[in-house]
Amino acid sequence: MTTAGPAAPGRTVRQWLEARGALGKDTVAAARGGELLDLLTRLPDGEGLEPVSASDPRALEVLRHTTAHVMADAVQRLFPGTKVTIGPSIADGFYYDFDRPDGAFVEEDLPRIEEEMRRIVAADLPLERVEVSRAEAEALFEKLGEPYKLEILRDLPPDVTITLYRHGEWVDLCRGPHVPSTGRIRAFKLTSTAGAYWRGDERNKMLSRIYGTAFFDEKALREHLARIEEAKKRDHRKLGRELDLFSVSEQIGGGLVLWHPKGAFVRRQIEDYWRAQHLAHGYDLLFSPHIGRAELWQRSGHLGFYKDNMYAPMEIEGNPYILKPMNCPFHIEIYRSRVRSYRELPLRWAELGSVYRFERSGQLHGLLRVRGFTQDDAHLFLRRDQLGAEILRLIDFSTAILRAFGFSDYKMVLATRPKESSGDPALWAEAERFLRQGLEETGCGFEVEEGGGAFYGPKIDIHVQDALGRSWQCSTIQADFIQPENFDLTYAAADGTLPRPVMLHRTLLGSMERFFGVLVEHLAGAFPVWLAPVQAAILTVSEKQAAYGREAGAICRARGLRVAVDDGPDKLGAKIREWRNQRVPYLAVIGDREAAERTVTPRSRTEGDLGAMPLATFVDRLAAEAAPPPLELRYP
RNA sequence: GCCCACGUAGCUCAGUCGGUAGAGCACCUCCUUGGUAAGGAGGAGGUCACCGGUUCGAUCCCGGUCGUGGGCUCCA
């Protein structure tokens with residue numbers, strides 16, 4: 001670096017903290033009003049500064065950012081000519097994107113880079129922060145031959161303070177914050193490589209990304225890597241095969257799911273519960289066809305804004321028909337099939353509707369991203385004065401259903417009016433207000449994505465996290481002020497006028513495919529008794545008890561329970577192992593003693609051996625657990 | 001679609017510096033009738049993803065296609 005820059009006024013964060021005696025040995029950064037600052041930043045005053053120690057979760061963000069710098073330094077030492085771009089901290093680690101002239105980095109490069117990084121860490125180089133003028137920064141990156149940094153620099157707003165961070169010889173244009181020195185990085189690992197477009201835009205050059213993670217100690221790193229291993233064991237694609245739940249066949253095509261008997265059974269249980277709850281809470285159920293005339297999609301606007309996700313039309317007697325990517329136009333046509341009265345509203349119409357959407361091959365992923373799927377869709381047609389109450393009920397209903405399946409942690413996002421939008425602004429404001437209120441009442445906390453709504457209305461998305469930490473959108477609740485216009489929907493009001501109804505679109509589970517995939521990972525394949533395809537396996541100690549075993553099985557089945565009887569020649573240990581691996585909730589052992597006394601010795605998946613009990617007692621217990629969970633609603 | 005990696009038995013994977021293949025599990029048969037996470041023996045099972053090229057000869061080397069995985073943008 002050539003210039004130290006103009007001396008900024010005030011003292012550094014370190015000095016402010018030191019003066020107050022608040023600087024600990026493990027202080028790696030500071031925070032003020034939700035903003036993270038490093039110890040090098042100069043401030044006119046030390047007001048409200050709190051030290052951030054290595055044990056603070058926020059410190060990891062800082063550490064990982066510094067580790068990204070160390071990695072970029074190592075990469076440029078080992079691979080001269082490689083250009084740096086950006087390298088932020090992310091949820092579980094960090095990445096840095098490079099433009100390497102001799103091609104992308106591969107996994108085999110990682111150990112070498114790690115080794116070089118260890119040298120930089122061992123040297124314990126202090127991080128330096130320098131504020132510079134725009135001209136100085138440009139001159140520097142011009143000299144270093146870093147075109148991407150120059151591009152970032154040019155796009156920075158004019159009033160921003162430009163800072164450089166340096167450790168040893170290596171310098172980067174960076175906002176910070178960073179830990180005080182590279183020696184703070186006690187444990188790190190480079191995890192994978194990937195391609196990534198410059199600025200995430202596929203029209204731009206494909207860069208080479210290296211992912212890594214870092215911690216303040218080895219133990220935390222080991223635990224993190226163990227969590228990733230555990231997540232791999234829960235991968236729904238692996239469990240789907242092992243538990244014989246579903247498959248995707250090359251012969252049939254990517255993203256098209258085959259539901260095997262056990263997976264189909266669980267799906268049907270979910271659907272039956274879903275139907276029962278809808279019928280119990282004011283919904284009517286619909287069916288609609290899989291294809292519809294192109295004009296329908298023209299009118300709905302899908303051919304305009306959703307074309308890229310739709311399959312090409314097929315011709316039927318000279319008319320183009322389209323495989324449906326959404327159910328709404330069909331439900332709207334049902335609404336239009338006759339005159340509607342204000343007395344009928346709200347209409348709540350739900351359908352498990354199968355839709356087909358084009359996804360690019362690289363996007364397909366097990367059950368979580370597919371080309372054909374069944375949405376648990378619903379459309380609500382309301383009078384405007386019903387909007388608020390209905391939104392509150394909908395959020396309540398959605399979260400209650402998710403809780404019934406064991407999901408209590410989800411991320412909720414309220415997406416508000418975008419710049420380009422249609423519809424009455426007062427209606428937008430009203431819908432947003434009720435969406436917000438509904439979210440507040442759940443007490444779960446939510447994010448607001450300003451301007452993130454669709455052009456036709458605001459929405460709430462509920463995301464569930466999978467075992468690998470990826471977030472998947474399941475529920476969505478969307479207000480729609482446009483389709484009623486497009487299709488000229490009306491109802492007869494009390495005063496004889498014909499106002500437009502308001503529409504709400506929503507899915508609770510998202511799609512049966514995605515929800516099932518997320519559920520499998522969430523439960524690690526261990527379905528609760530009410531969902532499990534096999535609720536209990538009756539295991540005979542030897543083939544001598546086969547007759548009693550089969551009789552016990554028949555008694556269970558007569559109570560509506562799903563049981564398997566294993567009276568084969570395997571030893572008991574082998575049977576237990578096999579059925580446990582199938583995640584069967586109860587195993588009931590039958591030997592000579594049980595056969596003589598008409599008992600079983602059950603073993604619960606969670607509690608282990610329960611001791612001998614009369615067969616009837618076991619059946620009662622199982623039957624009680626087989627009941628679907630009650631729905632806990634605030635607005636029943 | 002793009003970048004990188006991968007594609008060998010139903011599954012998990014060895015292997016062949018170019019001479020058409022192997023293990024464990026699963027499956028089938030037999031022996032064993034065994035009390036809480038794998039009893040024993042035998043058998044069957046492969047166009048080494050597909051199509052071309054190089055070669056006397058390709059599962060292996062080269063090119064293409066398809067598929068899968070990790071990412072990148074959008075989305076249930």
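Chain naming here is simple, since letters A, B, ... match the order of the sequence lines and numbering starts at 1 in each.
Judged by closest nucleotide on RNA chain B, A/A574 is the one of A/A574 and A/A196 placed further toward the 5' end. With RNA chain B read from its 5' end, the first of the two nearest nucleotides for A/R580 and A/V248 is the one closest to A/R580.
Between B/rU55 and B/rC74, the two C1' atoms lie 48 Å apart (nearest whole Å). Comparing the C1' positions of B/rA23 and B/rC30 gives a spacing of 23 Å, expressed to the nearest Å. Look at the P atom in both B/rU68 and B/rA76: the space between them is 22 Å, to the nearest Å. For the P atoms, the distance linking B/rG64 with B/rC2 amounts to 12 Å, nearest Å. Taking the C1' atom of each, B/rU8 and B/rG22 are spaced 10 Å apart, rounded to whole Å. Nucleotides B/rA26 and B/rG19 place their P atoms 33 Å apart, quoted to the nearest Å. Separation of the C1' atoms belonging to B/rU47 and B/rA9 is 13 Å when rounded to the nearest angstrom. Remark: the separation of the P atoms in B/rG18 and B/rC60 is 11 Å, to the nearest Å.
Stretches of at least 3 consecutive Watson-Crick or G-U wobble pairs, with each checked distance under 3.5 Å, appear in RNA chain B as B:1-7 with B:66-72, B:10-13 with B:22-25, B:27-31 with B:39-43, B:49-53 with B:61-65.
Counting any heavy atom pair closer than 4.0 Å across all strands shown, A/T374 reaches no nucleic acid atom. A/V106 comes within 4.0 angstrom of sugar-phosphate atoms only, judged by non-hydrogen atoms across all strands, and of no base. Across all strands, A/D376 comes closer than 4.0 Å to no nucleic acid atom at all (heavy-atom distances). At a threshold of 4.0 angstrom between heavy atoms, the contacts of A/G573 are confined to the sugar-phosphate backbone, with no base atom among them. Backbone-only engagement by A/G510 is indicated by non-hydrogen atom pairs under 4.0 Å involving sugar-phosphate atoms exclusively. A/R209 comes within contact range of the sugar-phosphate backbone alone, with a heavy-atom separation under 4.0 Å but no base atom that close. Within the 4.0 angstrom heavy-atom criterion, base atoms lie near A/R593. Among the heavy atoms of the strands lying under 4.0 Å from A/G200 are primed sugar atoms or P, OP1, OP2 only; no base atom is included. Using a 4.0 Å heavy-atom cutoff across all strands shown, A/E578 reaches no nucleic acid atom at all. Among the protein residues, A/G608 comes within range of no part of the nucleic acid, since none of its heavy atoms lies under 4.0 Å from any strand. A/E543 comes within contact range of at least one nucleobase, with a heavy-atom separation under 4.0 Å. Within the 4.0 angstrom heavy-atom criterion, no nucleotide atom of any strand lies near A/N309. A/V370 comes within 4.0 angstrom of a nucleotide base, judged by non-hydrogen atoms across all strands.
Cation-pi contact between A/R621 and A/F618: absent, since separation from the ring centre below 6.0 Å together with deviation from the ring axis within 45° is not met.
Ring planes of A/F527 and A/F516: parallel class, angle under 30° (limits at 30 and 60°). In this structure, A/Y283 and A/F397 have parallel ring planes: the angle between them is below the 30° cut-off, well short of the 60° mark.
Using a 4.5 Å heavy-atom threshold, the side chains of A/H463 and A/E447 count as separate. Looking at heavy atoms from C-beta onward, A/N309 lies in side-chain contact with A/E359 at the 4.5 angstrom threshold. Considering only heavy atoms from C-beta on, A/V520 stays 4.5 Å or farther from A/L367 through its side chain. For the pair A/L508 and A/R506, the minimum side-chain heavy-atom distance is below 4.5 Å.
A donor and an acceptor atom never sit less than 3.5 Å apart when one is taken from the side chain of A/Q545 and the other from the base of B/rG35. You won't find any donor-acceptor pair under 3.5 Å spanning the side chain of A/E242 and the base of B/rA26, going by distance alone. Under 3.5 Å, the side chain of A/Y197 and the base of B/rG1 form at least one donor-acceptor pair of N or O atoms.
For B/rA37, one of the phosphate oxygens OP1 or OP2 lies less than 4.0 angstrom from a side-chain nitrogen or oxygen of A/R603. For A/Q375, no side-chain nitrogen or oxygen approaches OP1 or OP2 of B/rA76 to under 4.0 Å. When the side-chain nitrogen and oxygen atoms of A/H365 are compared with OP1 and OP2 of B/rG70, one or more of them lie within a distance under 4.0 Å. Contact annotation: A/R241 side-chain N/O to B/rU12 OP1/OP2 distance is under 4.0 Å.
Summarising the geometry, the separation between CZ on A/R237 and C1' on B/rU12 is reported as 16 Å, rounded to the nearest angstrom. The nearest whole Å value for the distance from the CD1 atom in A/I576 to the P atom in B/rU36 is 8 Å. When rounded to the nearest whole Å, the span between NZ of A/K571 and P of B/rG34 equals 10 Å. With rounding to whole Å, A/D244 atom CG is found 12 Å from B/rC27 atom P. Straight-line distance from the NZ atom of A/K205 to the C1' atom of B/rU73: 19 Å, rounded to whole Å.
Residue ring and nucleobase are not stacked for A/F515 and B/rA76 under a centre distance beneath 5.5 angstrom and an angle between planes beneath 30°.
Between A/F407 and the choices A/I401, A/V464, A/L509, the side chain to side chain contact (heavy atoms under 4.5 Å, CB included) rule is met once, by A/V464.
Formation of a donor-acceptor pair under 3.5 Å by the A/D376 side chain with backbone atoms of A/G510 is found in this model.
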Practice problem: Run the numbers on A/T599 and A/E594 for side chain to side chain donor-acceptor pair (under 3.5 Å), then give the verdict. | Solution: CA-CA 5 Å; A/T599 59; A/E594 288 83 356; 5.1 Å; no
